[in-house]
Amino acid sequence: MIVQHIAADSANTLAKLLGRASALQVKEAEECELIQAGTVYISAANYHLLVEMNSTLSLSTDAPVSFARPSIDILFESAAMAFGAGLIAVILTGSNSDGSLGMKKVAEKGGITIIQDPTDDEVPFMPYAALRA
């Protein structure tokens with residue numbers, strides 16, 4: 001699952017770009033969709049993406065978190081509850097602290113956390129925030 005901070009009215013071109021470059025199926029996540037192996041799910045613009053305990057996805061228009069909807073924290077926290085130690089969470093470049101609290105939850109549940117080296121990062125605020133958490 002991938003969350004990218006994009007404007008609410010943006011077309012999700014990330015799914016198309018990654019789909020052309022990957023052998024995996026890449027698609028925008030849909031409400032109540034059962035998670036399938038070999039599929040990459042991209043968050044829809046202006047919707048939080050959550051993982052439910054029954055391995056389905058849900059979408060939410062709840063308030064932004066860290067000024068973002070979709071929020072990385074929301075995805076990581078829900079995925080940590082659903083998958084526990086079976087989860088791998090990755091934080092890459094970004095300009096706010098979104099993802100840091102979710103990353104902490106992943107670690108608490110025994111999941112693997114990977115953070116881009118902030119010194120190699122164009123916009124290092126998110127990796128630094130995740131490291132601090």
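Quantities reported herein were computed from a predicted structural model and do not represent experimental measurements.
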Side chain to side chain donor-acceptor pair (under 3.5 Å) partners of S60, counting only residues at least two apart: D62

When rounded to the nearest 0.5 angstrom, what distance separates NE2 in H48 from CD1 in I72? 11.5 Å

Spacing of I91 atom CD1 and I114 atom CD1 [to the nearest 0.5 Å]: 11.0 Å

Is there a donor-acceptor pair closer than 3.5 Å between any side-chain N or O of S66 and the backbone N or O of A68? no

Minimum heavy-atom distance R69-T61, with the two atoms named: NH1-O, 3.0 Å

For residues 102-112, the side chain to side chain donor-acceptor pair (under 3.5 Å) pairs (sequence neighbours left out) are none

Report the distance from atom CZ of F67 to atom OG of S97, rounding to the nearest 0.5 Å. 8.0 Å

Atom pairs and distances, donor-acceptor, side-chain atoms in residues 29-37, under 3.5 Å, two or more places apart:
unit_1: E30; atom_1: OE2; unit_2: K27; atom_2: NZ; d: 3.0
unit_1: E31; atom_1: OE1; unit_2: L59; atom_2: N; d: 2.6
unit_1: E33; atom_1: OE1; unit_2: K27; atom_2: NZ; d: 3.0
unit_1: E33; atom_1: OE1; unit_2: E30; atom_2: N; d: 2.9
unit_1: E33; atom_1: OE2; unit_2: K27; atom_2: NZ; d: 2.8

Give the minimum heavy-atom separation between V90 and L92, together with the two atoms involved. CG1-CD2, 3.9 Å

The side chain to side chain donor-acceptor pair (under 3.5 Å) partners of S43 (sequence neighbours excluded) come to none

Partners meeting side chain to side chain donor-acceptor pair (under 3.5 Å) with E28 (sequence neighbours left out): N12

Could you tell me whether the side chain of L18 reaches within less than 4.5 Å of the side chain of I2, counting heavy atoms only? yes

Rounded to the nearest 0.5 Å, what's the gap from CE on M1 to CG on L75? Could you check? 6.5 Å

So do V51 and L57 actually touch side chain to side chain, heavy atoms under 4.5 Å? yes

Taking the side chain as every heavy atom from C-beta outward, state whether L49 and I74 have any atom pair closer than 4.5 Å. no

Checking side-chain polar atoms at under 3.5 Å, does D73 have a donor or acceptor matched by the opposite partner on S71? no

Let me check something: any side-chain donor-acceptor pairs from residues 121-133 under 3.5 Å, sequence neighbours excluded? List them with distances.
unit_1: D121; atom_1: OD1; unit_2: T93; atom_2: OG1; d: 2.5
unit_1: D121; atom_1: OD1; unit_2: V123; atom_2: N; d: 3.3

Of all heavy-atom pairs linking G99 and F76, the shortest is O-CD1, 3.8 Å

So K16 and R20, do their side chains get closer than 4.5 Å, heavy atoms only? yes

